[in-house]
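In what follows, a structure is listed as structure tokens, so that the remarks can point back to it.
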Amino acid sequence: MKRVLTLVLPILLAVFALAACGSDGDDSSGSAETAHGGDHPMSGMPSMSMSMPMSMPAAAQREIVISDFKYTLPGTFAPGEEVTVRNDDTAEHTVTADTGDLFDVEVEPGATATFTVPGQPGTFAFHCTYHPNMVGTLEVR
């Protein structure tokens, strides 16, 4: 009998301990723990649920980012797509097509501006009119 108690007692204690830990705070028995908020650090805190969107909204615009006097492009663009240019520098910049007047947008420091990429597929070189060493290529497919 002593051997049975030695084996069963630890199991019963573990079951009771797990049952006590598994309480979700909705104890309607009126216990002192519920009435006083309990000793658990999260007792009395509102329940929080977090969910992350699985995809970007359809209307989200892609950005050309200007930082450290360089352009960073998100890849290729669709013909006629509207694009945001974000200037993270402390100087004013432009995104100006090298040929023709296909696009030319000026962006103040810390600001954004938008423009529409050409409506036909192609590769379009551009530059900053204030900083000729700043160049990039816009691919439209």
Side-chain angles (χ1 to χ4, degrees), residues 2-141:
K2 185 174 182 182
R3 181 175 164 101
V4 172
L5 284 176
T6 305
L7 292 174
V8 174
L9 189 58
I11 293 170
L12 288 174
L13 289 174
V15 169
F16 288 126
L18 288 173
C21 289
S23 174
D24 64 2
D26 284 343
D27 185 9
S28 58
S29 66
S31 72
E33 180 178 330
T34 302
H36 298 295
D39 293 331
H40 190 278
M42 298 301 283
S43 293
M45 297 294 292
S47 173
M48 296 190 320
S49 173
M50 294 175 33
S51 64
M52 300 297 284
M54 295 308 289
S55 62
M56 295 292 291
Q61 290 184 344
R62 295 184 306 141
E63 290 183 321
I64 295 173
V65 178
I66 303 171
S67 180
D68 296 325
F69 289 77
K70 295 177 187 145
Y71 298 105
T72 302
L73 283 79
T76 61
F77 297 92
E81 181 178 349
E82 189 169 279
V83 179
T84 298
V85 179
R86 185 178 80 225
N87 183 356
D88 289 343
D89 279 342
T90 57
E92 184 174 357
H93 294 294
T94 70
V95 176
T96 305
D98 285 357
T99 56
D101 59 351
L102 295 173
F103 52 90
D104 184 13
V105 63
E106 197 167 309
V107 191
E108 297 288 329
T112 60
T114 59
F115 73 98
T116 303
V117 302
Q120 69 277 5
T123 302
F124 305 94
F126 64 89
H127 63 278
C128 175
T129 56
Y130 302 119
H131 310 99
N133 59 321
M134 289 180 61
V135 295
T137 304
L138 189 71
E139 285 188 55
V140 178
R141 293 189 199 171

Quiz prompt | Within residues 129-141 or reaching into it, pairs that qualify as salt bridge (charged side-chain N to carboxylate O under 4.0 Å, His left out) - sequence neighbours excluded | solution = Glu139-Arg141
Practice problem: Identify, with sequence neighbours excluded, every residue that meets side-chain contact (heavy atoms from CB on, under 4.5 Å) alongside Ala91. | Solution: Phe69, His93, His131
Quiz item: Pairs in or reaching into residues 124-134: which pass salt bridge (charged side-chain N to carboxylate O under 4.0 Å, His left out), with residues at least two apart or in two chains?
Solution: none
Quiz item: In chain order, what residues pass the ring pair (Phe, Tyr, Trp, His ring centres under 6.0 Å) check against Tyr130, with sequence neighbours excluded?
Solution: none
Exercise. Mind jotting down which residue pairs meet the salt bridge (charged side-chain N to carboxylate O under 4.0 Å, His left out) criterion with at least one end in residues 114-131? Sequence neighbours excluded, please.
Key: none
Practice problem: Measure across Phe126 and Val95 and return the closest heavy-atom pair with its distance rounded to 0.1 Å. | Solution: CD1-CG1, 3.7 Å
Quiz item: Considering residues at least two apart in sequence or located in another chain, which fulfil the ring pair (Phe, Tyr, Trp, His ring centres under 6.0 Å) criterion with Phe77?
Solution: none
Exercise. Search all heavy atoms of Arg62 against all heavy atoms of Val83 and return the closest pair with its distance.
Key: O-CG1, 3.7 Å
Quiz prompt | Pairs touching residues 110-124 that satisfy salt bridge (charged side-chain N to carboxylate O under 4.0 Å, His left out), sequence neighbours left out | solution = none
Quiz item: With Glu108, which residues qualify under side-chain contact (heavy atoms from CB on, under 4.5 Å), at least two apart?
Solution: Glu92, Glu106, Ala111
Quiz item: Taking C-beta and beyond as the side chain, do Ile64 and Leu138 meet within less than 4.5 Å on heavy atoms?
Solution: yes
For a quick test of your reading: what N or O donor-acceptor pairs under 3.5 Å do the side chains of residues 115-125 make, sequence neighbours left out?
none

Exercise. Using the test side-chain contact (heavy atoms from CB on, under 4.5 Å), find all partners of Thr129 that sit at least two apart in sequence or belong to another chain.
Key: Thr94, Thr96, His127
Self-check item: side-chain contact (heavy atoms from CB on, under 4.5 Å) involving Thr112 - partner list, sequence neighbours excluded
Solution: Thr84, Arg86
Quiz item: With sequence neighbours left out, which residue pairs that include part of residues 64-77 fulfil the side-chain hydrogen bond (donor to acceptor under 3.5 Å, both in side chains) condition?
Solution: none
